[in-house]
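Report on the following structure.
When reading the values below, keep in mind they use all heavy atoms of this one structure, side chains included, and skip hydrogens, waters and symmetry mates. What you see is a predicted model; the values in this text were computed from it and never measured.
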Amino acid sequence: KQIAIGSGNSCLTKTATIHLKDGVEIAPEPIETPESMPSPEPLAEPVSVTEQGDGTAEHPYQIASVDDLLGIEDKPDACYILTKDITVSERNDIVLTGVFDGNHHTVTLEDKAAIGLFRLNKGTIKNLNLNVSAQVKIQKINDCALEYDLSYTVGRIGCVCSTNYGLIQDCTVKGNLQVDFHGSSSDRLAVGGIAGVHMPSPKSSENTAGTIKRCWSALNISIDGPGEKLIIGGNEVVETGTSAIETVVGGITGYCSGN
């Protein structure tokens, strides 16, 4: 079955109204967006950065290449700033606990990089524009990003981050994401333009609230697979086939229990 999801940007929760065309602010105070979603423009002009930085808020490390981006794994709790547009085509395993400032630049995600620019965010991601042009093939649930924070295993695909426990603000996502999902009958998959799964950290020792604000997605998401149920925002169930695979899809998040 081919399941196509239009360009939406609702934060989809069990009580949310499903909007696949109109933009909905997921911060405490809503904002209005056009009824017909245009291609997002950068939120502001990039700031010129001339110093290499030392990882502090005043002098963040500069990110000017994919190699620089992957280097975040060595110091995930530092502060970083993107200084130019880059293209990422490989999936990475970065767990961010510091600050990543996109500086209003654009990161293009291709192929499996669309599983998530970051695997897990426990810090802050801000001022980032993503352009997605990707077809992701999932043969088994381990091909996705996994976190064991729910009572059942869920594969996660979220373009900014696969899983969010932290803060994401002032980010936009546009483009096209095709997911070919052919897992086993017990697999579950959560797909979102910003985050696959968005929730507070399950560890009481980590003071992360799970917040997304002033973000929107004009990402076209389509799922190709034998799923029996398409669960939109954990609320609406659409019968589509005969197997027991469950797929959760949202414009902003696939599974949402944060702010």
- Item | Separation of Leu70 CG from Asp93 CG (nearest 0.5 Å) | 10.5 Å
- Do Val160 and Val99 belong to the same hydrophobic cluster, where Ile, Leu, Val, Met, Phe, Trp and Tyr are linked whenever their side-chain heavy atoms lie under 4.5 Å apart, directly or via other members? no
- Output the distance between atom CD1 (Ile72) and atom CG (Asp77), rounded to the nearest 0.5 Å. 11.5 Å
- Message: To check you understand the geometry: which heavy-atom pair defines the closest contact between Ile125 and Cys171, and what is its length?
- Response: O-SG, 4.0 Å
- When rounded to the nearest 0.5 angstrom, what is the spacing between SG in Cys161 and CZ in Arg156? 10.5 Å
- Message: If I compare all heavy atoms of Phe118 with all of Leu96, which pair ends up nearest, and what's the gap?
- Response: CD2-CB, 4.1 Å
- Message: Let's go through Thr106 and Leu130 carefully: what are the C-alpha distance in whole Å and the side-chain angles of both, what is the deciding distance for side-chain contact (heavy atoms from CB on, under 4.5 Å) to 0.1 Å, and is it a yes or a no?
- Response: CA-CA 5 Å; Thr106 297; Leu130 293 183; over 6 Å; no
- Task: Ignoring hydrogens and angles, tell me if any N or O in the side chain of Ser162 forms a donor-acceptor pair with the backbone of Ile115 under 3.5 Å.
- Result: yes
- When clusters are formed by joining ILVMFWY residues with side-chain heavy atoms under 4.5 Å apart, either directly or through shared neighbours, do Leu167 and Ile212 land in the same one? no
- Message: Which residue is it: Val197, Leu189, Ile221? I am looking for the one with a side-chain contact (heavy atoms from CB on, under 4.5 Å) to Ile157.
- Response: Leu189
- Just checking, any donor-acceptor pair under 3.5 angstrom between side chains of Gln178 and Asp180? yes
- Query: With distance as the sole test, does Asn103 use its side chain to make a donor-acceptor pair with the main-chain N or O of Leu82 at under 3.5 Å?
  - Reply: yes
- So, do Val132 and Val173 sit near enough that their side-chain heavy atoms are less than 4.5 Å apart? yes
- Task: Indicate yes or no for a side-chain donor-acceptor contact from Asn129 to the backbone of His104 under 3.5 Å, with no hydrogens or angles considered.
- Result: yes
- Message: Tell me which one of Leu219, Leu109, Asn220 satisfies side-chain contact (heavy atoms from CB on, under 4.5 Å) with Leu177.
- Response: Leu219
- Query: With a 4.5 Å limit on heavy-atom distance, are the side chains of Leu117 and Val107 in contact?
  - Reply: yes
- Under a 4.0 Å N-O cut-off, is there an ion pair linking Asp170 with Lys126? no
- What is the distance from atom CD1 of Ile168 to atom CG of Leu128, rounded to the nearest 0.5 Å? 9.5 Å
- Of all heavy-atom pairs between Ala64 and Lys84, which one has the smallest distance, and what is that distance? O-CD, 3.0 Å
- Taking all atoms of both residues into account, what is the closest heavy-atom pair of Ala114 and Ala134, and its distance? CB-CB, 3.7 Å
- If only atom types and distance count, is the side chain of Asn164 paired as donor or acceptor with the main-chain N or O of Ala195 below 3.5 Å? no
- Heavy-atom closest pair (Gly196 atom, Ala190 atom, distance to 0.1 Å) is O-CB, 3.5 Å
- Note on the structure: When rounded to the nearest 0.5 Å, the distance separating OG1 of Thr172 from CG of Asn127 is 10.5 Å
- Task: State yes or no: are the ring centers of Tyr80 and Phe100 separated by less than 6.0 Å?
- Result: no
- For the residue pair Cys159 and Gly193, what are the closest heavy atoms and their distance? CB-O, 3.2 Å
- Item | Check: His105/Asp85 side-chain N/O donor and acceptor closer than 3.5 Å | yes
- Item | Spacing of OG1 belonging to Thr211 relative to OH belonging to Tyr165, to within rounding of 0.5 Å | 14.5 Å
- Message: Around atom CD of Glu73, are there more than 12 heavy atoms from other residues, nucleotides or ligands closer than 6.0 Å?
- Response: yes
- Query: Under 3.5 Å, is there a donor-acceptor pair between the side chain of Asp54 and the main chain of Thr56?
  - Reply: yes
- Message: Using modelled atom types and a 3.5 Å cut-off, is there a donor and acceptor pairing between side-chain atoms of Thr97 and backbone atoms of Pro76?
- Response: yes
